[in-house]
Every structure is written in structure tokens, then in C-alpha cells.
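Notes for the one structure printed next.
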Amino acid sequence: MSLAQVHYTSAAPGDEGTGGRFTAVGPGVSGALLAEIEPLLRYELPDSIPDRPSAGELRSLPQSFTYATLSDGSRLVSRSAPVRETSGGAGPGVRFHAHAVHLPPGVPLPGDRLPVEAWRSPHWVAVTPGGAIPDPLTLPPGPTAVSEGLDDFAVSRGPWLAAVLADLRRASEPREPGGRPVVLVERQCADVARWLGLASVTLPRESAERLTFTTYTRRPGSSAARVVGVLPEDAEAARAGGLRVHVCAGQAPSGGGTDDAWATTAARVWRSRSPELFREARELPGEPFAAGPLAVTALCAGIVLGPDERAAAAGWAADRPYALDAERTGQLVEALASPGIDDRTGPEFDAVGRLFGALEGRCPASATAPLAAMLVTEAVRGGNGSLELPHRDAFVGPEGAAVAERLAPEILTELGDKAGPRSVARTVQLLRVARLLGVDGTESLPGVVDRLAPALLEEGSGKGAEGPLGFAPALLELLDEQFEVRTALLGALDRLAPRDPGAVARFLERVALPFTGTQALPHLRMCAEVPGAMATLGGDRAAVWHRVLRAAGLSPFAEPLVLRTAVGLVWEDRAPTVEEARLLLDAATSDSHRTAGTWARLVDAALGASAAEPPTTGQSPASTDEAAALAHDLLRGFPGQIGGRERAGLLLLDLVRELRTGAPEPGWAETVRTLCAQADPIEPALRERAHTALAERLLAPDRPGAELYDFVHGDDAELIAAYDRTARTELVRTRLRTQPAYAADCFTVWTAHPHAGKTWPPVAAALLDEVLRPAVRAMSPEDVAEVEATVGRTGSSGRADAFRTWNRVSTLGRLGRRITGRVRRR
């Protein structure tokens, strides 16, 4: 069919206020479309053109070759070219003429060509024709001028190639109108057309057809095209406008690359002058711009690629091992395993490992042996602990023997190195490779296991750590593959468990080690049991302890260390309660606790109870009695182990027991002061408990006078303050009100030592006035008389007179207050 053609020319000199005019319009192009087409055809001359350019200078001026889509879905292909002004007058002597072809919606270019192929069509004209002219889009068969020399152009633009192709690919994606264009800066607009020619070969057909463009403009920011070309003089303005600018007309960029693996591979294909590979790659399954198919095609053709591209090829082939025939599979394996490659990365090795796994069993072992050798060499020399290793039968014939001979010394040297730091993953990998290659490491195994066991706990048992461990799958495979390693490692972990059972338990929660063999492994079995026991039994730690101990399968009498493991698992970061400590003490002999070292936990329980549960003054809770009884038993059971401040603390607790229930040795106050000093830093509650117990005993009716005298004259401010607090308790006040003999005794004591240091006299005076006087006021006259008589019998007549005087003052005070009150009421 005949396509409508449009001609447009710039205004003639003297036509003020007009930018140009249509000089010919073919049928079917409406006025509305002409209004939309006109801005696309306008042409702006570069700066600093000669006033009267020569023919050569005129030909060197840029031409604007444009491909655009219009609002009704139709398309326009046009060329705007400068022409000489022939009418005379002022100005540069250059005008422009635009020649365009309109393609209705759904109508392809003649010969199903792409628009960029019409760039050098001989049918574009620079004057408005007088009659019909050939359609510029009707091109002769075969390659057009723009397609010729693309290989040379691509090589010349090597530094920019990958980045530009990546942006051209993104520009060709479906998107909303109004997107920002990609700007290509070239000295010649023909080179912009060549970039578009590269894109038309590289991109799929549908993507290339979406790539609207113009090869030359002075105003890229206002262009609706997806790709625009500008001269170097306009590059800075384009960059300032926030556009994506590629300056391909100057010095090569220092980086010039991109992280787009597809674009990088495409650039390498062009530099290898093999554009036919793009068509081959599009025949392989996969997304249009996935790097895998193109990278596989390039590698099979012998093109050298980088690590990301090789990884993409290996990953694609691993996911589709059926997509390649035997010949291309062999070519791919040969390219990936080439000994000349020295820049392989971890992701590339991982992808190659997946490819090996996909090909194993599908291809002969001889075909995949290069990949197997590459993987195990990387596992040993590269330290890649995440590699999926091949099976033992991957190495058959001389390939396996050669790899083993080359790597065995390195493996044994590193496994035997005691000083060098080595991660768990690295050790596991070396052990697995050693078995894979048949390397005998029997002599080094004990040392390897002794270093591996603590490393497992260090890397895999941190508090708060969750989720699977990276080395866990390889470790479990190692234990499944090598019986001798499993036996030695489980034994080493079992020996470590009593030292830090909590760490072992946390490790076993994250890595389920196999306990199915005949090894006893009592400590490991306990560590594996504790999470389930705690989940089932909750806060009943005694029940958890019994269940964990049963899991060991050994009696603590026969193997005392199971005590240490069980206690460490149940009470890892805290002391047992007194009741729990009593359970532990009764569960085994003192010899067992000494061997296990658990006696220290029992000491913590006794001292911790005194610190955590200070008694209410005047009371004696059962837990306090039990803690004191526990302290007494511990002092008897572990006399050679308990020393220092812990021993002093237990002795102080034992003294509290004796003060409340027995008859301690004389010198109570001095003993309390001495033990508190020896137990320093002492728990404040334990100090308070000892002081209170001493004060309670000194306030008891049957306290020895010598102990009271020593206490009063010791002038210890803390002890006297504790005595003062205890004397003001309700228990003492009740005794004073109801027991005249006790009140008489307290009066005698609180008045007997007026010159005993500086601390006691004011405290005694305050107790007389604030504690004893209210109690005596509340007594009946008969009880008061009994108090007076008792004071006289136990003291002297002078002391009885002193009580009467003290009490009279109190009585007169009450009487005076009553009289004052009556007077006021009147």
C-alpha cells in the first residue's frame, strides 16, 4: 500500500513569527495529526555555524532522524535536514526541510523492516517534490547502510557498550508516556543511528519497536522519544536536566560498566563480532533479558565472560539441564572449568555446584569430571565452605587420582595446623573433601576433633541466637558419611558438656546431632533432653532436674559429673532455691558433689536465700531456718572446699540459727562484727538478718548479762541501730505492756549504762521515753506497782526510787495535760 508522505520546511527570510510550514501533505493525515506532527519535524541549527557554509560544511551538519508514536496509535518516521537558503537576505544562509512518512495504526514498515533501517534510504528528499516520489521506507533487499559496519562501531564504543545497552533495554520496556529519555552524546548523528542499529539487533523485535528515538535535538528534556541524540555542546545541559546521559564522544569512562549481567554479556558478544548469537540465544528458554541464555550461547561460542555472567550461565543451565544437547553441554562445562580463569567468585562456584548436581547422573562422569575437580579445588584452596560437594563416584579414572595427588598435601597440612584460625565450615569442608578424595587423615583426626568441638559451641551456641546455622547441613552430612568422625566428635562434645552445658544445649537446639549409635554420651543426652523437659514441666525445676538426670542413664554416685551437667542445665544463670539445694545435697554424697564441683551452687543457694528473702523483724520464716540448716550442713560436709567470704557468710548464717534456736558461744556481738567483716562484700540482707537476730536475742528475757554488757559497751552504731529498730517492733511493745517483769528488766537495762560510749545513751533514752513510757501508761496500777517492785528486787532501792521518779514525771505530765484540756473547754 502507498503510505502518506508529509513535507515541512522552515520559514523563509522575512516570514516573521512563523517557525515553518507544511508544503505537502499526503492523503489521510488530518489537521489534528499535523498539529501533533509539526513539533517532531522542527529543526534547530547547532551553535556557531558558518554564515555561508560550503557544501562540505553543509553536509556535516547533523540530521534529525526520528521515529515517533502518535496519539491515535499511528507512527511517524521522518528526516529533518539542513538545506541552503536560496532566496538571499540576512542570516546564516541555511534552512531545513523535513520529509516524513505516516504509518497508520497496525501497518508495518514495508518489508517488515525496523524504522532505524531507513536512516540511509536514498529516497529521502531535501525539497518539496513536484510529483510523486518513491516511499523512503521501501528499501532494497539485503542489509541497509545502517547495518553495515556495526561490528566495527561496537568495538570502537567498547568502554560505553554495556552501560548504553543496559539503558536502551530499560528504555524499551513497556511504560507510561512521558518518561525521561536516554541521551546519547555523539559528534555525528549517524553514530546515534548506529547505536539504535545495535539495539535493533540486540533486543527482541517487540522491544526494538517500542524504542522511539531522534538522532539529533537541541532540547532533549522536552522530547517525547525514548532515546535522543545530542551534540557534545548540549551534553552538560542534558545532564543538568537530570537525564541519563552517555557521553560517547570523548574520553572513555574509568568504570564504564554496569551490574546488568545481560548487558555486560551482550557487550562482550558485540566486541567478539558475533551478533548472530543474539538470535541463537533467543531460541533458548528463559525471560527475554535473562543473562543466562545469552551467557550460555556466548560461552559455547568461545567468548570469554566475567564471573557474574558465568554464574548466570551455570545457574540457567542448572535449572534447565535438558535444554542443551550433549555437544553444547560439553562446551559449557569446558568453558566454565577452563584453567585460565582466575577471577571466579563465590556465587559463581555456587552456581557451578548446582549445575554439577543437575548434570550428575544425566551425563557420563567423564563429562562432568572437570566441574567436580574445579569444585573440590575451590573447596580446598578457595575456602568456600558453602559449596555442594560431588559424590565419591564423581572421580573415576585418572582425573580423580590427579586431583587427590595435587590436593592431599594441602588438606593434611591445614588439618594438622594447630595454631591457624579455622572456622567450623572450613574444617567440615576439609574433612569431607579428604574422604571424597580418599585422603587418609587418621593420624590428625584426634587433634582436628579436639579443635572442632569447642569451635562448634563458640559459633553455634550464642545466647539469643536463633535459626539454622550455615554449617549445619554440611556438618550433618559429614557425620553421616564418616563414622569415625561422628564417634570422635560426639565423644569430644560429651566431654565438653560438663564445662558449659548451657552452650551445648543451645547448640543442640539448632543442630540435631545423631545419638542413634551405641555410645553412652550421658552429658549430650541430658543437654538434648532439657528443652523438652522445660517445655513440659514448666517452672518445676526440681522435676526438670530429675528428668534430665534420668536421661543420662547413669547414677551420680557412679558418674559425679552428671551432677554438674544437670545443675548447669537447670540452674544455668541463677542459684537454686534453698529447697532445691537441699534436694541436690540429698541426691548424692558430699564426695560426689566435691568431684562435680556442685557444692559451690549449694553455697550460692544458702547465701542467696539470705539475700533474697530477708525475714520480717521478729519472725523466723521457714525458708530462713532451712537456709541456716543448709549452711550448717554445708560447713560440715565441705570443710576443705568452702573458704574466704563464702565461709564467713555461712558461719554468720549458722550463728543466726544458733541465736534463734540454741546457745552460741560467748561473744555474740564481736562474732557478728568479725564475720561480717570477713564476708565483705556481704549481702546487705544477710548483714541485716544477723544484726536483727542478735538484737532479738539481746531483747529476750533470758539473755546473758555479759553479752548485753559487751554489746552496749562495744559502741557499734549499726548493731545499736538494729537493737533500736527491734525494740520498737510490735512484739517487744506487746511484751512490755503485758509482762511487768519484762518491762522492769528493760527499764533496768536502758538506765544502767548512762556512760557507755556515745551511741548507746541517746538510743536508751529514746527507748525509755518512746517505747517503755507508752507501755507503762497503758498498764493497770497493779502492774505498775509490780514493775516497781521488780525493779527494786533485781536492782536496788535507789533504782526503785529512780523508776518512781521517772514514772511520776510521766504521771504528772498526763495530769497536767488533762487539767489544761478542762480549762480550755471551759
*Could you list the residues that satisfy salt bridge (charged side-chain N to carboxylate O under 4.0 Å, His left out) with Asp480, not counting sequence neighbours?*
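Listed in chain order: nothing, the list is empty.
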Look only at the side chain of [X] and the backbone of [Y], and say whether a donor-acceptor pair between them is shorter than 3.5 Å.
X: Thr427; Y: Ser423; answer: yes
X: Glu559; Y: Leu561; answer: yes
X: Arg547; Y: Met534; answer: no
X: Asp710; Y: Gly667; answer: no
X: Arg703; Y: Arg697; answer: no
X: Glu707; Y: Pro704; answer: no
X: Arg525; Y: Ala520; answer: yes

Taking atom types as modelled and ignoring hydrogens, do the side chains of [X] and [Y] form a donor-acceptor contact shorter than 3.5 angstrom?
X: His523; Y: Asp494; result: no
X: Arg689; Y: Thr692; result: no
X: Thr674; Y: Gln678; result: no

Donor-acceptor list for residues 443-457 side chains, cut-off 3.5 Å, not counting sequence neighbours:
from, atom 1, to, atom 2, distance (Å)
Ser444, OG, Gly441, O, 3.1
Arg451, NH1, Gly447, O, 3.4
Arg451, NH2, Leu415, O, 2.7

Counting C-beta onward and ignoring hydrogens, is there a side-chain heavy-atom pair between [X] and [Y] closer than 4.5 Å?
X: Arg432; Y: Glu477; answer: yes
X: Val732; Y: Tyr742; answer: yes
X: Thr671; Y: Glu665; answer: no
X: Leu513; Y: Phe507; answer: yes
X: Leu431; Y: Glu481; answer: no
X: Arg486; Y: Pro514; answer: yes
X: Arg657; Y: Leu653; answer: no
X: Pro556; Y: Leu549; answer: yes

Atom [atom1] of [X] and atom [atom2] of [Y]: how far apart are they, to the nearest 0.5 Å?
X: Phe638; Y: Trp599; atom1: CZ; atom2: CH2; result: 8.5 Å
X: Arg541; Y: Leu583; atom1: CZ; atom2: CG; result: 11.5 Å
X: His593; Y: Arg601; atom1: NE2; atom2: CZ; result: 12.5 Å
X: Leu584; Y: Leu563; atom1: CG; atom2: CG; result: 7.5 Å
X: Thr751; Y: Leu768; atom1: OG1; atom2: CG; result: 6.5 Å
X: Ile411; Y: Gln429; atom1: CD1; atom2: CD; result: 10.0 Å

*Can Phe471 and Val428 be said to form a side chain to side chain contact (heavy atoms under 4.5 Å, CB included), step by step?*
CA-CA 8 Å; Phe471 60 75; Val428 169; 5.6 Å; no
*How far apart are the C-alpha atoms of Glu786 and Arg793, what are their side-chain angles, what is the distance that settles it, and do they pass the salt bridge (charged side-chain N to carboxylate O under 4.0 Å, His left out) test?*
CA-CA 10 Å; Glu786 184 178 348; Arg793 285 195 306 271; 5.8 Å; no
*Would Glu414 and Arg426 satisfy salt bridge (charged side-chain N to carboxylate O under 4.0 Å, His left out), going step by step from the backbone distance to the final call?*
CA-CA 10 Å; Glu414 187 170 349; Arg426 177 64 174 164; 2.8 Å; yes
Do you know the tightest heavy-atom contact between [X] and [Y]?
X: Leu659; Y: Pro664; value: CD2-CG, 3.7 Å
X: Cys527; Y: Thr565; value: SG-CG2, 4.3 Å
X: Ala581; Y: Leu630; value: CB-CD2, 3.7 Å
X: Ala756; Y: Pro761; value: O-CD, 3.7 Å
X: Ala766; Y: Arg728; value: CB-NH2, 3.8 Å
X: His691; Y: Ala722; value: CB-CB, 3.6 Å

*Let me see the working for Arg645 and Asp680 under side chain to side chain contact (heavy atoms under 4.5 Å, CB included), right down to the final yes or no.*
CA-CA 6 Å; Arg645 60 174 298 274; Asp680 193 61; over 6 Å; no
_Using side chain to side chain contact (heavy atoms under 4.5 Å, CB included), reason through Asp540 and Val544 one step at a time and then give a plain yes or no._
CA-CA 6 Å; Asp540 189 348; Val544 173; 5.6 Å; no
*asked:* What I want to find out is whether Arg735 reaches Asp745 closely enough, with some N-O distance under 4.0 Å, to be called a salt bridge.
replied: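 Judged by the 4.0 Å cut-off on N to carboxylate O distance, Arg735 and Asp745 do not form a salt bridge.
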*Charged N to carboxylate O under 4.0 angstrom, Arg673 versus Glu670?*
yes
*For Arg506, the option from Glu459, Glu572, Glu458 that meets salt bridge (Lys or Arg N to Asp or Glu O under 4.0 Å)*: Glu572
*Applying side-chain hydrogen bond (donor to acceptor under 3.5 Å, both in side chains), run through Thr589 and Asp591 and close with a yes or a no.*
CA-CA 5 Å; Thr589 63; Asp591 288 339; 5.0 Å; no
*In terms of ring plane angle, is the pair Phe711 and Trp760 parallel, tilted or perpendicular, where the classes change at 30° and 60°?*
perpendicular
_Can you tell me how the ring of Trp545 sits relative to the ring of Trp571, calling it parallel under 30°, perpendicular over 60° and tilted otherwise?_
tilted
*Could you walk me through whether Arg636 and Ser590 pass side chain to side chain contact (heavy atoms under 4.5 Å, CB included), step by step?*
CA-CA 10 Å; Arg636 286 193 311 168; Ser590 57; over 6 Å; no
